[in-house]
Amino acid sequence: MEASKWNKVVLGCTAGILAAIAAAVAIIDPFLHYHPPLEGMQYPLLDERYLNDGIARHYSYNAIITGTSMTQNFKPSEFDALWGAEAVKISFSGASYKEVNDNILRAMEYNGHVQYVLRSLDGNKLICPADYDEYEGYPDYFYDNNPFNDVYYLLNKEVIPKTLAVVNYTRAGNVTPDRDAYGNWSRYKRFGKEQVLQTCPVLEGYEEEYHLSQEDYANIRENVRKNVLQTALEHPETTFYLFFPPYSICYWDALVQTRQLNAQLEAERMAVQMLVEVPNIHIYAFADDMELVSNLDNYTDSLHYGEWINSDILARIHEGKNELNEKNYEAYFDNISRLYSEYDYSWLHD
């Protein structure tokens, strides 16, 4: 066979193989980029940063639950029962304010009927720059409408095994996780004092109080304005339920040990001041509930709480409990400043 003909045969076979691979990925679509789960196929629904955009594109909903790992254990079915809604959960572990907000905006573009957004306002992310992304190597080709860069999905050497995994997951008799189970890690963790204290070291050598710098103030203002406030103002038809996650007593102990308590509370107070007057924003905080935060049976580490706390948060928000408003938020921050600066943390280090 002549070299030119051989080259054509090789190129033709290669093109055919690549086309078959791309077609298989597109049809099964392990990350739901083109369609919701196929009838008759079962999807493991792992890798939330690759899946959440597909869920936002293709699922039916009028409410969004989103934020960091502080929101992964929420059960949309409980939200639905309380609000008479249909919710999806699109949480992102370790997400920055920008990442969460960008995905809220995309979901609203895909779905023009979003009535509610439930979102965590993680205090430890407040001082980050407004354009900060926690996650490197973000799969941007999922989050745009450019069909040409889908080649990075269709012929991705890491996606091909994920496609086969859907087939094997189905053959093994598994079922696609429902909206409550998606992203929920609570059942896989150990909880309690012994477990939590492993993550709470004694932090020594911090003698000087940390004060917010002018750069910190600018970051807080821009982060909250661009990634929280502006979205609510642009979508007055949507009610935003924002909450500061109830971190454990160990978190507050670390702030005291490192002399950052006052700076952290000042940052949170500043954020609330910017948001509290917006009619379609409701803000909730639970740090004054010492019974909750000091009970380490609720936690798996200094920050993360079990799914029963997520259920409790939902119930409180629906009942209007623990809400901060123009009249009470100053007193709230004054109170928790006193509580945590005067608290006896010695039992954590015995």
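Residue numbers count from 1 along this sequence.
- Asp344 and Ser346 are linked by a side-chain donor-acceptor pair at a separation below 3.5 angstrom, with hydrogens and angles left out of the test.
- Salt-bridge annotation for Asp47 and Lys162: present, with a side-chain N of the basic residue lying under 4.0 Å from a carboxylate O of the acidic one.
- If you take CD1 on Ile336 and CG on Leu261, they are separated by 8.0 Å, rounding to the nearest 0.5 Å.
- No salt bridge links Arg57 with Glu109; every basic N to acidic carboxylate O contact stays at or beyond 4.0 Å.
- If you check the side chains of Thr71 and Ser91, you find a donor sitting under 3.5 Å from an acceptor.
- Side-chain N/O atoms of His349 and Asp253 include a donor and acceptor closer than 3.5 Å.
- The existence of a salt bridge linking Asp334 and Arg338 is excluded, since no basic side-chain nitrogen approaches an acidic carboxylate oxygen closer than 4.0 Å.
- The line from CD of Glu208 to CZ of Arg259 is 10.5 Å long, rounded to the nearest 0.5 Å.
- In this structure, Trp83 and His318 have perpendicular ring planes: the angle between them is above 60°, well past the 30° mark.
- Of the N and O atoms on the side chains of Tyr132 and Asn223, not one donor lies less than 3.5 Å from an acceptor on the other residue.
- Side-chain contact, Tyr153 with Asp29: a donor N or O sits under 3.5 Å from an acceptor N or O.
- The 12-atom threshold is exceeded at OH of Tyr110, counting heavy atoms of other residues, nucleotides or ligands nearer than 6.0 Å.
- Checked by atom type and distance alone, the side chain of Thr231 never pairs as donor or acceptor with a backbone atom of Asn227 at under 3.5 Å.
- Tyr50 contributes atom OH, which lies 16.0 Å from atom CG of Leu45 (distance to the nearest 0.5 angstrom).
- Rounded to the nearest 0.5 angstrom, Arg316 CZ and Tyr284 OH are separated by 12.5 Å.
- Between Tyr210 and the options Asn262, Asp216, Thr258, Leu255, a side chain to side chain contact (heavy atoms under 4.5 Å, CB included) holds for only Asp216.
- For the side chain to side chain contact (heavy atoms under 4.5 Å, CB included) with Ser248, the lone residue among Val293, Leu348, Leu296 that qualifies is Leu296.
- For Glu48, there are no salt bridge (Lys or Arg N to Asp or Glu O under 4.0 Å) partners, not counting sequence neighbours.
- For the pair Arg269 and Glu266, the salt-bridge criterion is not met [side-chain N within less than 4.0 Å of a carboxylate O].
- Considering CG of Asp288 and CG of Asn335, their distance stands at 6.0 Å, rounded to 0.5 Å.
- The environment of OH in Tyr152 is sparse: at most 12 heavy-atom neighbours from other residues, nucleotides or ligands sit within 6.0 Å.
- Counted within 6.0 Å of CD on Gln214, heavy atoms from surrounding residues, nucleotides or ligands total 12 or fewer; the atom is thus considered open.
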